Protein chains: 2
Amino acid sequence: MTPALAPALLPTPALGQRLRPHAAATPLTGCDGCPARALAVCQALADGELDAFGDIGDQQRFAPKETLFRQGDDADAVYTITSGMVRLYRLLSDGRRQILGFLLPGDFIGLAPDARYASTAEAVTPVGVCRFDAHAYAALAERKPHLLASLRRAAADELAAAQDHIVLLGRRSAEERVAAFLIALRGRLARRGGGAVTIALPMSRQDLADHLGLTIETVSRVISRLARERTLLVVPDGVRVLDAPRLQALAAA
Amino acid sequence: MTPALAPALLPTPALGQRLRPHAAATPLTGCDGCPARALAVCQALADGELDAFGDIGDQQRFAPKETLFRQGDDADAVYTITSGMVRLYRLLSDGRRQILGFLLPGDFIGLAPDARYASTAEAVTPVGVCRFDAHAYAALAERKPHLLASLRRAAADELAAAQDHIVLLGRRSAEERVAAFLIALRGRLARRGGGAVTIALPMSRQDLADHLGLTIETVSRVISRLARERTLLVVPDGVRVLDAPRLQALAAA
DNA sequence: TAGGCGCATTGACCCGGATCAAGGACGCGG
DNA sequence: CCGCGTCCTTGATCCGGGTCAATGCGCCTA
C-alpha cells in the first residue's frame, strides 16, 4: 500500500556512488581523486606522503554480493572503503547471522588485525575499496605517527560504535532499534555529504533484521507503522524522514 | 533448594584477591609486586623501563560499589586493574542499564580515550587499580613503541570481545547467553591462574541480567535449570562446572 | 503479455522471556 | 535471638516479537 505513494523521488543519495545496480565507476587514479580522501584514515597524511601510501594501496571493485574476505581467512589485507556499502557479519554454526555493521566510504577494516578475519565482509552495492597488504601497511604505520594516531582515533570510534550497538541490542525495543539505527545512519550519510532527510537503505530487510537482532517481519512491521503514522515515508531503496523530532524521540537515550 | 547442597567449598578463587567483602590488600609497592604484571599492557615494557611507568602510575583502591569514573566525566585518566572486578556500564535516560563488560586484573580502561567517558566504571569487589594521567600516558606511549603495540593488541582484543557480545545479544537465546558468558568468564579467570572448574561470580544476578540483555528472573531460572540437570552446581558467589562439554555445547558457535 | 522469481508486506497464532507477585535464605545490627 | 533489608528463587500470567502462511509488488526473461 505504501509504494503507491512513492514515485521515484530519490535525489540520487550522495553515497559517493549510485544505489541502483551496475553503476559506479570511480576512475582508478591515485588518492587525489578519491571520494573518501577527506573521510578516511588516509587524511592523516600530508599530500606529499600520499605517494608512499598510494604505492602500497591497490584499488579494487566488487559487485553486489561479492565477498571481500571470509570469516576464518587469514587476514593478509586491510581496506578503506571508497564507495558503496559493505556488510560485515558473523555466522553461527546453525546459520543464524549477525551483521556487525554496514561500512560506508571512508570506513576502515582491519583496525584489529588478528591472524584471521573474525567476520565476513560482503558488498551490498557496487563497492570500491583501497586494499593494502597488511604487513606493508603496518610497516608504513610504524613510520608515520600521524597515521598511527589516526588509526587510534578510528579504533576508538569503532569501539564506541560497538558499545552503542551492545546497548541497542541489550536494552531497546524493536521500535527503538529501528529508530536509533535510522538516526545513526542518517548522521553517517550526512557526514559524507548526503542530505539529512532521505536515508538510503540499499540493504535488504533481512540485512536490517540481522543487524538489529530482529526478524524480517518485525522490521517490516515497524517501518510500516512509522510510515502509517507519518514519521517516515517509504521510498525505493530508502526512507524519508518526515518527522525527525519524533524519530529522534523514539531513538531515545 | 539448591543452596542446601552447597557447603562453602570455594577454594578461594585465585582472582588475585578475595571475593568476600572487605579483604584484599596488595602492598602499594611499585610494579614489581603487581599481581597484574604479567597480564597487563605494562608487560610490554622491559623491567628497566618500568620506572618511568611506575612514576606516572598511581595506585588506588576502591571498595565495592565505589565508582572509578562516571559516564560524562571528562576522561582525564586511564586505568589498569590490578585486583578485583569492575563493572562498566551505560545508563539510558529511563534507567535501563547495559553492562558492557566485567573487568579483571590486567584489563585496561582507556583504549579509546575520547574527551569524556562514555560509560561508568564501578567496583564490584574491592578493587585495586593503577591510575595514569591520560596526557602523561599518551606522552609515554609516544616514546615507547612496545607500549603502543601492546595497546593496539589490547584494542583488538576489546573490539573482538565487543563483537562477540553483539552476536550474543543479537542472535542467542537466554540459555545460550548464560552458557556462553560462563565459558568466556571461565577462560578469562583460568588465564589469570584460576581453576577451570569453579567460576567466581561476585556480581549480582541483576548485573548478569544487565550484561546479558535479560531480566534477573530469567538469569535465575536458567541457572537453576542448569543446576537441576547437573550441568552446574551453584556455590556461594559462583558456580562449579559439572558437565563442561554440555555447557560448551549450549554456548554453541 | 504472461509467467516466474526474489523481496516485502500483512495477518493469525504461538512462545520465550518479561512482568507481577510471593516466598526463601542470609547477613547484619540491636 | 529477633527483625529487617537485600538478594535470590520460584510460580502465575502477560505480551512483544517470533513463526507460519498468504498475498503483493516489482523486475526480469521469453
Side-chain angles (χ1 to χ4, degrees), chain A residues 1-8 10 19-22 64-65 94-97 124-125 168-179 201-228 232-239 250, chain B residues 1-8 10 19-22 64-65 94-97 124-125 168-179 201-228 232-239 250:
Chain A
M1 74 189 292
T2 36
L5 301 172
L10 261 192
L19 292 175
R20 317 298 293 179
H22 306 301
K65 298 190 185 180
D94 61 1
R96 281 175 289 181
R97 185 179 70 154
V124 173
T125 65
L168 180 144
L169 293 173
R171 284 292 176 243
R172 298 181 114 109
S173 70
E175 194 171 58
E176 289 171 340
R177 292 183 199 194
V178 171
L201 296 175
M203 72 293 277
S204 71
R205 294 285 188 265
Q206 185 65 66
D207 285 343
L208 289 179
D210 286 348
H211 183 49
L212 300 178
L214 300 170
T215 59
I216 187 176
E217 293 94 334
T218 298
V219 170
S220 184
R221 271 187 260 267
V222 169
I223 291 178
S224 294
R225 177 160 11 115
L226 293 176
R228 207 176 312 126
L232 294 179
L233 175 63
V234 178
V235 298
D237 287 318
V239 295
L250 289 176
Chain B
M1 71 188 299
T2 36
L5 301 173
L10 262 190
L19 292 175
R20 316 299 293 183
H22 306 303
K65 299 189 184 178
D94 62 0
R96 282 175 289 180
R97 184 179 68 156
V124 174
T125 64
L168 181 145
L169 293 174
R171 283 294 176 242
R172 302 181 111 110
S173 69
E175 194 170 61
E176 289 171 340
R177 292 183 199 195
V178 171
L201 297 174
M203 73 293 275
S204 71
R205 294 286 188 266
Q206 185 65 64
D207 285 342
L208 290 179
D210 286 348
H211 184 48
L212 300 177
L214 301 170
T215 59
I216 187 176
E217 293 94 331
T218 298
V219 170
S220 184
R221 270 187 259 269
V222 169
I223 292 179
S224 293
R225 176 160 11 113
L226 293 176
R228 205 176 312 124
L232 295 178
L233 175 63
V234 177
V235 298
D237 286 318
V239 295
L250 290 176

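Note on naming: letters A, B, ... go to the chains in the order of the sequence lines (proteins, then strands), and numbering restarts at 1 for each one. Because the structure is predicted, anything quoted here is derived from the model rather than measured.
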Peer 1: Step by step, work out the side-chain contact (heavy atoms from CB on, under 4.5 Å) result for D210(B) and R171(A).
Peer 2: CA-CA 8 Å; D210(B) 286 348; R171(A) 284 292 176 243; 2.8 Å; yes
Peer 1: Is the shortest side-chain heavy-atom distance between L168(B) and L212(B) below 4.5 Å?
Peer 2: yes
Peer 1: CZ of R96(A) versus C1' of dG18(D): gap in Å, rounded?
Peer 2: 13 Å
Peer 1: Does dT10(D) have OP1 or OP2 sitting under 4.0 Å from an N or O in the side chain of S224(B)?
Peer 2: yes
Peer 1: Return the value, rounded to whole Å, for the distance between atom CG of D210(B) and atom C1' of dC7(D).
Peer 2: 14 Å
Peer 1: Ignoring hydrogens and angles, tell me if any N or O in the side chain of S224(B) forms a donor-acceptor pair with the backbone of S220(B) under 3.5 Å.
Peer 2: yes
Peer 1: Quick one: on DNA chain D, does E175(A) or K65(B) contact a more 5' nucleotide (nearest heavy atom)?
Peer 2: K65(B)
Peer 1: Looking at CG of L201(A) and CD1 of I223(A), how far apart are the two atoms once the value is rounded to the nearest 0.5 Å?
Peer 2: 6.5 Å
Peer 1: Sequence neighbours left out, what passes salt bridge (Lys or Arg N to Asp or Glu O under 4.0 Å) with R96(A)? Give chain and number order.
Peer 2: D94(A), E176(B)
Peer 1: Can a donor-acceptor pair be found, under 3.5 Å and without considering hydrogens, that links the side chain of R205(B) to the backbone of E217(B)?
Peer 2: no
Peer 1: Taking atom P of dT6(D) as reference, at what distance in whole Å does atom CG of D207(B) sit?
Peer 2: 16 Å
Peer 1: Can you list, in residue-number order, the parts of residues 212-221 of chain B that come under 4.0 Å of DNA chain C, counting heavy atoms only?
Peer 2: G213(B), L214(B), T215(B), E217(B), T218(B), R221(B)
Peer 1: Taking the nucleotide of DNA chain C with the closest heavy atom to each, which residue, R171(A) or R225(A), is nearer the 5' end?
Peer 2: R225(A)
Peer 1: To the nearest 10 degrees, what angle separates the axes at the start and end of the helix from dT1(C)-dA30(D) to dG30(C)-dC1(D), five pairs each?
Peer 2: 30°
Peer 1: Let me know the distance between CZ of R177(A) and C1' of dG18(D), rounded to the nearest Å.
Peer 2: 12 Å
Peer 1: Which nucleotide, dG17(D), dG17(C), dC7(D), lies nearest any side-chain atom of A174(B)?
Peer 2: dG17(C)
Peer 1: Any non-hydrogen side-chain atom of R177(B) less than 4.5 Å from a side-chain atom of L169(B)?
Peer 2: yes
Peer 1: Keeping the roles fixed (side chain from T218(B), backbone from L214(B)), state whether a donor-acceptor pair exists under 3.5 Å.
Peer 2: no
Peer 1: Quick one: are M203(A) and H211(A) in side-chain contact, heavy atoms under 4.5 Å?
Peer 2: no
